[in-house]
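Both counts, for ligands and for their atoms, begin at 1 and track the order of listing. The figures here come from the full heavy-atom set of this structure, side chains too, leaving out hydrogens, waters and symmetry mates. For the single chain, residues carry numbers from 1 onward in sequence order.
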Amino acid sequence: MTTPDHLLAIDQGTTSTRAMVFDREGRPAGQAQKEFPQHFPQPGWVEHEPEDIWRDTCSVVEGALAGAGIAAGRVAAVGIANQRETSLLWDRESGEALHRAIVWQDRRTADLCDSLRRDGHEKLVQARTGLLLDPYFSATKIAWLLDQVPEARARAERGEIAFGTIDTFLLWRLTGGQVHATDATNAARTMIFDIHRQAWDQELLDLFDIPAAILPEVRDSNADFGATPAGLFGVPLPITGIAGDQQAATVGQACFTAGMTKSTYGTGCFALMNTGDEAVTSTNRLLTTIAYRLSGKTTYALEGSIFAAGAAIQWLRDGLKIITAATESESLARDADPDQAVYLVPAFTGLGAPYWDAHARGAILGLTRASGPPEIARAALDAVCYQTRDLLQAMTADGAQPPNTLRVDGGMVANDWLMQRLADLNGCTVERPVVAETTALGAAALAGLGVGLMSSLDDISRTWQSAGQFDPVMAADERDRRYAGWQDAVARVRSGD
Ligand code: ADP
């Protein structure tokens, strides 16, 4: 008999699905990843096909086990991290989705959010959920599905339909339809969950007209979430960790004490600052969210979410076609003329924190006849740095100490030029960890805590290692001058809402 001494993480992201096997010291042992199609049925709409996600999940799990060279019997537990807020409904009987999942970036419910805001409901939403009335969160997406899919509302009221974010959908499928549950971090992003009472909120359910019968049970992030049937991967695998991807990355970055901050640069960018057991209410349009809930104890965070970070690089590749791979953005940016003040505001799907302008759209400003692909590529990378400054400044304005170190992760942090620029334009040290896949690591760590393979957060902190840091060298006046140009560019794309 071999001992189950490995952890398996499923990291279901916005553009790809990944599985990773870790040993009990948190060292990666094998991984597999698959990109999947994005659907844009109308401008501002983004959908995912749930069957793509499910099929890829099974295949990357097999791939990661093969890559690690271990049988499923060596896996002590499975953890799930997922793209957050993305919502779907499915038939409890057949397990079939009623419609494609509506992705977090989707803006189709912007008008509904505007009218709820005009009617004065944002205060209640913020007080209960820590969120702002924006199409980003699940509630209005769920309402749209219930209203637009024929029969959905009536069937939901009869208890025939289940709602889930992606973690919940995967858990349902992974347990053969046995478990309909989520964790507190994912629930915290739905806009119908009271983060203080840790319960679904009836008043908000009434406001968004969502029947309670569709909701999953909310558990700790290190709870027992059931197990896979033996038929799926050969042996039953316990599922003992779930968190939204940004919260999982916060765990993977070992940001366990108040003030520690991580920033993830993938499709979007998400900065989370641990605020301990205090749920800090933001007066600067940041979000208050649950960082993790372990064995009944909740730790909160302040969060700034930016919708387009790597998405702008994808657009350089797929839209403008000035690069053929994301990595080329680095050499192109290095070639840019330092004196050209070209700004790119990547408001493709509106602006997130701290602006929350669903109607803003993107722009490139400051072009001259000398401008070309290098300046535009640099502007796309600069936008990531300026948006980070927007968030860090808002956190400081909410009373936090400015972090002197930012722990970073996500696909974009492989770009050394960007990392140095981030340090320069923010005036703080940027630290990149040895294990760049912090989301998967965090999911594995939660599963490890849940199954008892890890005994405390200290065990996780001990495994975190820096792979090097970037210190700011840009003069403060240059940093501020460039940032003022960014603020001006943003002002020009605002919709005036
Ligand atoms: P997600 O989890 O949101 O799918 P990832 O963390 O996998 O995203 O990061 C992928 C994103 O990072 C893509 O948007 C891609 O364009 C961008 N990216 C990847 N490598 C680089 C690079 N070297 N420079 C700039 N951007 C990059």
Side-chain angles (χ1 to χ4, degrees), residues 9-20 31-38 46 48 52-53 56-57 60 80-86 101 103-105 136 166-167 243-249 252-253 262-271 305-336 344 346 348-349 352 373-374 376-385 387-388 407-422 430 432-433 435-443 470:
I10 295 168
D11 171 11
Q12 205 300 302
T14 309
T15 56
S16 71
T17 305
R18 165 189 285 159
M20 283 185 82
Q31 69 158 309
Q33 185 172 2
K34 276 199 157 161
E35 242 184 82
F36 65 95
Q38 309 288 310
V46 190
H48 289 162
D52 287 346
I53 288 177
D56 289 354
T57 299
V60 294
I80 302 172
N82 55 289
Q83 53 166 320
R84 307 172 302 171
E85 300 98 11
T86 298
V103 178
W104 56 274
Q105 296 153 313
Y136 175 25
I166 297 293
D167 57 308
D245 51 12
Q246 302 313 318
Q247 282 86 345
Q253 288 277 30
K262 74 90 204 172
S263 195
T264 298
Y265 300 93
T267 307
C269 158
F270 303 87
S305 331
I306 298 167
F307 300 141
I313 305 302
Q314 289 166 20
W315 179 72
L316 298 183
R317 186 192 64 184
D318 305 337
L320 272 192
K321 302 194 187 339
I322 59 172
I323 54 174
T324 55
T327 47
E328 289 168 25
S329 63
E330 179 163 356
S331 52
L332 212 48
R334 282 186 201 278
D335 286 345
L344 187 156
F348 305 116
T349 56
I376 293 175
R378 184 191 56 195
L381 294 173
D382 278 354
V384 171
C385 308
Q387 294 188 95
T388 302
R407 290 189 170 182
V408 298
D409 52 59
M412 297 190 91
V413 307
N415 185 325
D416 285 347
W417 185 89
L418 174 63
M419 293 301 97
Q420 183 57 46
R421 192 76 162 174
L422 188 61
V430 169
R432 200 162 55 181
V435 180
E437 294 81 6
T438 54
T439 304
L441 179 61
F470 298 82

Any ion pair linking Arg18 and Asp56 (charged N to carboxylate O, less than 4.0 Å)? no

Pull out every atom of ligand 1 sitting under 4.0 Å from any heavy atom of Thr15, numbered as shown with elements. 1 (P), 4 (O)

Just by distance, with hydrogens left out, do Thr17 and Gln12 show a side-chain donor and acceptor under 3.5 Å apart? yes

Polar atom proximity, Gly310 to ligand 1 (N or O, under 3.5 Å): yes

When you measure from atom 27 (C) of ligand 1 to every protein heavy atom, which one gives the shortest distance, and what is it? Ala326 CB, 3.6 Å

Inspect the contact between Arg432 and Asp409 and indicate whether a charged nitrogen and a carboxylate oxygen are less than 4.0 angstrom apart. no

With a 4.5 Å cut-off on side-chain heavy atoms, are Phe270 and Lys262 touching? yes

Nearest non-hydrogen protein atom, atom 17 (C) of ligand 1: Met412 CG, 3.8 Å

Closer than 4.0 Å and a protein heavy atom, does any atom meet both conditions relative to atom 7 (O) of ligand 1? no

Using heavy atoms and a 4.0 Å limit, tell me yes or no: is Gln314 in contact with ligand 1? yes

If you scan protein heavy atoms around atom 20 (N) of ligand 1, the nearest is Gly411 O, 3.4 Å

Within a distance under 4.0 Å of any heavy atom of Ser329, pick out the atoms of ligand 1 and give their elements. 24 (N), 25 (C)

Hey, does Asn415 come in under 3.5 Å of ligand 1, counting only N/O atoms on both sides? yes

If I apply the N/O under 3.5 Å rule, does Gly410 come out as touching ligand 1? no

Check the angle between the aromatic planes of Trp104 and Phe307 and answer parallel, tilted or perpendicular using the 30° and 60° thresholds. tilted

So which protein heavy atom does atom 11 (C) of ligand 1 come closest to, and at what separation? Gly266 C, 3.9 Å

Ligand 1 atoms nearer than 4.0 angstrom to some heavy atom of Thr327 are 23 (N)

Look only at interatomic distance and state if Thr267 has a nitrogen or oxygen under 3.5 Å from any nitrogen or oxygen of ligand 1. yes

Side-chain contact, heavy-atom cut-off 4.5 Å: Arg84 with Gln247? yes

Do Thr15 and Gln38 make a side-chain contact, defined as non-hydrogen atoms from C-beta onward lying under 4.5 Å apart? yes

Asp52 vs Lys34, side chain to side chain contact (heavy atoms under 4.5 Å, CB included): CA-CA, chis, key distance, verdict: CA-CA 10 Å; Asp52 287 346; Lys34 276 199 157 161; over 6 Å; no

How about Thr438 and Pro433: do any of their side-chain heavy atoms sit closer than 4.5 Å? yes

